[in-house]
Amino acid sequence: MEFLIDSVERDGEIYCVRGVCTQGRIDVGATFSKAYKKVKEFSNNEVRLVGIENNRVVKLRVEKITAYRRTLTSLYQGTSGEICLIGEGGDDIGEKDTLASEG
């Protein structure tokens, strides 16, 4: 699973991130284990992934998912929403980071 962050707000120990699920499905209770920035190259009206930079280890568990003014149990690929996270590494995530899990 992957989630591309558009913005982050912190409320105590909770990190609420807005963005889009870019791969797989994100469920309440799932844990993100890494954060990074994708490096892209633009040429001839095409976008190509050329690498990953600023790879960090995090341990952030999904506590709540909200999309379209509704609380959900899952966020599917291609869907925008807000996920609220708790755990380690939240202070190190920001705009344009991708959160991901192993496997």
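Because the structure is a prediction, the values reported are computed rather than measured. In what follows, residues are counted from 1 in the order of the sequence shown.
Across every non-hydrogen atom of A35 and I93, the tightest pair is CB-CG2, 4.0 Å. For the residue pair S101 and S33, the shortest heavy atom distance occurs at CA-OG, 3.5 Å. E2 approaches A100 most closely through the heavy-atom pair CG-CB, 3.9 Å. The heavy-atom pair separating S80 from A67 by the smallest distance is O-CB, 3.5 Å.
Q23 contributes atom CD, which lies 12.0 Å from atom CG of L4 (distance to the nearest 0.5 angstrom). Atom OH of Y76 sits about 11.5 Å away from atom CD1 of I26, to the nearest 0.5 Å.
A salt bridge is defined here as a Lys NZ or Arg NE, NH1 or NH2 lying under 4.0 Å from an Asp or Glu carboxylate O, and E63 with R61 meets this definition. Between K37 and D97 there is a salt bridge, with a side-chain nitrogen of the basic residue lying less than 4.0 Å from a carboxylate oxygen of the acidic one.
Residues L85 and V62 meet the side-chain proximity criterion, which asks for heavy atoms closer than 4.5 Å. Under the 4.5 Å side-chain criterion, counting only non-hydrogen atoms from C-beta, I5 is in contact with L99. Y36 places a side-chain heavy atom less than 4.5 Å from the side chain of K38. Taking 4.5 Å as the limit, every side-chain heavy atom of T22 sits out of range of all side-chain heavy atoms of F3.
R25 places no side-chain N or O within 3.5 Å of a backbone atom of L75 that could act as its donor or acceptor partner. Although no hydrogens or angles enter the test, the distance criterion places no donor-acceptor pair under 3.5 Å between the side chain of R48 and the main chain of E46.
Residues V28 and V58 share a single hydrophobic cluster, defined by chaining ILVMFWY side chains whose heavy atoms lie under 4.5 Å apart. I83 and L72 fall within the same hydrophobic cluster, where Ile, Leu, Val, Met, Phe, Trp and Tyr residues are linked whenever their side-chain heavy atoms come under 4.5 Å apart, directly or through other members.
The local environment of CD in E41 is crowded, with over 12 non-hydrogen atoms from other residues, nucleotides or ligands closer than 6.0 Å. Atom NZ of K64 sits in a sparse spot, with 12 or fewer heavy atoms from other residues, nucleotides or ligands closer than 6.0 Å.
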Check residues 8-18 and write down every donor-acceptor pair under 3.5 Å in which the side-chain atom is one partner and the other belongs to a residue at least two apart or another chain.
from: E9; atom 1: OE2; to: R18; atom 2: NH1; distance (Å): 3.0
from: R10; atom 1: NE; to: G12; atom 2: O; distance (Å): 2.7
from: R10; atom 1: NH1; to: D91; atom 2: OD1; distance (Å): 2.8
from: R10; atom 1: NH2; to: G12; atom 2: O; distance (Å): 3.3
from: Y15; atom 1: OH; to: D91; atom 2: OD1; distance (Å): 2.7
from: R18; atom 1: NE; to: E82; atom 2: OE2; distance (Å): 3.3
from: R18; atom 1: NH2; to: E82; atom 2: OE2; distance (Å): 3.2

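Legend: residues meeting side-chain hydrogen bond (donor to acceptor under 3.5 Å, both in side chains) with E53, ordered by chain and number and at least two apart, are absent.
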